[in-house]
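Here is the structure we will look at.
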2 protein chains.
Amino acid sequence: MSGPLTERRQTILKLVIQEFVDTATPVASETLVRKYRLPVSPATVRNDMAALEELGFLTHPHTSGGRIPTDAGYRFFVENLMERTSLSPAEQRMIRHQFYQVRGELDQWVQLACAVLARTAHNASVATAPRAEQLRFKSLELIAIHETMALAVMVFHGGIVKQQTLPIEPGRTPEDLRRAAGIVSDLLADTTLSRAEELAATATLNGIPLSDFERGLVDLVVRAMQAFEEQAQEQIYSDGLLEMLSQPEFLPASGRDDAERAIERMRRTLEILKSGRGLSPLIPQALASGGVQVIIGGEHGEDAMRDYSVILARYGVEGAIAGVLGVIGPTRMAYPRSISTVRYIASLMSNLLAELYNVNARPSDVATDTQDEQRA
Amino acid sequence: MSGPLTERRQTILKLVIQEFVDTATPVASETLVRKYRLPVSPATVRNDMAALEELGFLTHPHTSGGRIPTDAGYRFFVENLMERTSLSPAEQRMIRHQFYQVRGELDQWVQLACAVLARTAHNASVATAPRAEQLRFKSLELIAIHETMALAVMVFHGGIVKQQTLPIEPGRTPEDLRRAAGIVSDLLADTTLSRAEELAATATLNGIPLSDFERGLVDLVVRAMQAFEEQAQEQIYSDGLLEMLSQPEFLPASGRDDAERAIERMRRTLEILKSGRGLSPLIPQALASGGVQVIIGGEHGEDAMRDYSVILARYGVEGAIAGVLGVIGPTRMAYPRSISTVRYIASLMSNLLAELYNVNARPSDVATDTQDEQRA
DNA sequence: CTTAGCACTCTCGCCTCACGAGTGCTAACC
DNA sequence: GGTTAGCACTCGTGAGGCGAGAGTGCTAAG
């Protein structure tokens, strides 16, 4: 009964989605004909819509009132119907400029990426800090704050820095501290956690046993590395909550029933973003696969995410460091634009990191929007 | 006609506030009599309520339905009626424990303070990072990341650390970097911004002119200090949004009108927290005055804050470093508890910072809840 | 000054009803 | 067979009305 997915039906599906994304209200057959000057009558469109519904691409919230896409409908759109766009050169330039302004301050990159992502895609954004696949120690510096307190600055490969204060015995000179830090740096230079643990056990450098103080420093470093490693689930940064809540999904369209739902949705959204529940399972998946991943509505099985779509991309340097960033919003989302935004910012961040790692750096043309594949 | 503010009327005001804070619904005369076993009849209470209303301490949302406190009512409660409590020892212990777990990692203190504040006061929390009254440079370390990139770690008095990558010419040895950093550290040690700018202009150390590289480093430090100084309005951290949004104020009690308002309130709240609009003017005020400040509803004149109360306290070390932290929530707020929470965490943070500055440090009993005055 | 009694007011929830949008179906048309 | 016009039908939406209940304000008595 449902019939084949003819060319025209695909066009209609595409138009329904476009229209629904624009207006956030169910789209009627007549509207479609009128707005897009279709060369067929509303009745024909209705027939095709019925067929698309049987195929599982559209639904009917109510008997009257138009159609809205299903998750499967969006999926088909993303995979087959959508034209792949890029951000306009002007937007690309603006974004690059913002990153240029915080060049060097790598602790701000993730935050900035979130902010830009949210503003550009008009939805909430999420990102994890880039994480070295294998944390490797680089060096330790000790700086006296006063007689009994020092600041330890541990630097790891890839520009990862961790600072920590520690109490020291009074009477240690800066030279003292520097020498101790130097010894520890030499001992642990370029080691991974497991190797560092071994070296901490022997507690000798070139056969000379370490002093108590130096051993304490080694322990400090090892503990810091363990903390990094253990921190199993990534901290997820996010931004643009307000951006997302301006979407009509969160407006009390009509009736108090709707209003109540809107508020409930709001609260749940907040929970998702704050706790990362429903989001964190997606991270390792996105890390594993390259390209841009699109998860639409309940596809992933997580019930809390039923009404949301997530667009994630991995960024980083192959084999060295990687993180994930993306956009989250209602399933009714401007997929082409969101996807190109995510793709662009991921490649931008990758290039920034590559420069840091001195691989593949393209100093001037840092932000080429590489057309990587979009589905894993 | 209104009559004096007798003892009984004060009691009634207090009970109305307590009851309203508990239940979030307008409180009726009969409820009060029943629940608190008042030795008078509802009619008497009604008369007193009418008097309190004429005095400006209570209002009437509707003709029927009970009374709710006005801003002035809350104000009188906070200043005269409220008994000053402290957090229970168990809670104090729990909070201390959480801070103990991140001892040393001072970049996490503010975040933790926000989180604890929110969870304890069941409202949103805000905090600014501690800021030195006068930024003073301590030392610079340079760590090579690879041949053409180095990480500069600038340390300022009070444990403030700023990191920044910078490009370097290939061929510089670690020893090279160390020497250059040492020279710059010696040159700028303990200087404030203005002095640093002077020294940067002369560009000599002990009469010996600096190399180009060293001059570049000096510039880097000066720019970083300028950025600190210029950053006029403090970045405001916040947490506990979800906590606040669980308050009944943000539930669609009944009627779609209410629901719409709830959503609008939600959005506005988000804006306040994200942008700091309406909040930032309070910061310098709180920094200037010691003790705990309570701003109730529209008292401060900011319209956006009409429905919110803010409880702020300054924390830090006198004459050295200071920040602000506090709680924000609907005017219907458990003031005694919120105030004691803010007071406690502010004193805890102050002690932690004092330890860092080596003044007045009380190593074991770090968290005495000093009973400082509560109004500026 | 306090209290009992009572009329009055106003919200809330529920129901009904009419309207209109949009569909699904049937039958005619190309 | 695909397409179209016509039309009955469905259902959400909003307005209006109504009864119940809660709580007050007032008055008059204790």
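All chains are named by letter (A, B, ...) in the order of the sequence lines, taking the proteins before the strands, and each is independently numbered beginning at 1. Being a predicted model, the structure only gives us computed values, none of them experimental.
Remark: P of dT24(D) and CG of Leu58(B) are 11 Å apart, rounded to the nearest angstrom. Phe20(B) places its CZ atom 14 Å from the P atom of dG23(D), with the value rounded to the nearest Å. At whole-Å resolution of the value, CD1 in Ile68(A) and P in dG12(D) are 14 Å apart. If you take CE of Met49(A) and P of dT23(C), they are 6 Å apart, rounded to a whole angstrom. Taking atom CZ on Arg46(A) and atom C1' on dG6(D), their separation rounds to 10 Å, with Å as the unit. Rounded to whole angstrom, the span from the CD atom of Glu30(B) across to the C1' atom of dG23(D) amounts to 9 Å. As a whole-Å value, the separation of Arg8(B) CZ from dC1(C) C1' is 8 Å. Here dT10(D) presents its P atom at 14 Å from NE2 of His60(A), a figure rounded to the nearest Å.
Nucleic acid contact for Thr63(A): sugar-phosphate only, since backbone atoms but no base atoms lie under 4.0 Å from a heavy atom of the residue.
Salt-bridge check for Arg267(A) with Glu271(A): failed, with every basic side-chain N at 4.0 Å or more from each acidic carboxylate O. Between Glu243(B) and Lys274(A) there is no salt bridge, since no side-chain nitrogen of the basic residue lies less than 4.0 Å from a carboxylate oxygen of the acidic one.
Note: Phe250(B) and Tyr308(B) have parallel aromatic rings, judged against thresholds of 30 and 60 degrees for the angle between ring planes.
Checking dG12(D), dT3(C), dT4(D) against the side-chain heavy atoms of Thr44(B) singles out dT3(C) as nearest. Among dT3(D), dT24(D), dT23(C), the nucleotide with an atom closest to any side-chain atom of Arg67(A) is dT23(C). You'll find that the side chain of Ser64(B) is closest to dG21(D), out of dG21(D), dC11(D), dT4(D). The side chain of Glu53(A) lies closest to dG24(C), out of dT24(D), dT3(C), dG24(C).
In this model, a donor atom of one side chain and an acceptor atom of the other lie less than 3.5 Å apart for Tyr36(A) and Glu19(A). No side-chain donor from either of Ser338(B) and Thr341(B) sits under 3.5 Å from a side-chain acceptor of the other.
Nearest-nucleotide positions on DNA chain C place Asn47(B) closer to the 5' end than the other of His62(B) and Asn47(B). Along DNA chain D, the nucleotide nearest Asp48(A) and the nucleotide nearest Ala50(B) are compared for position; the residue whose nucleotide lies closer to the 5' end is Asp48(A).
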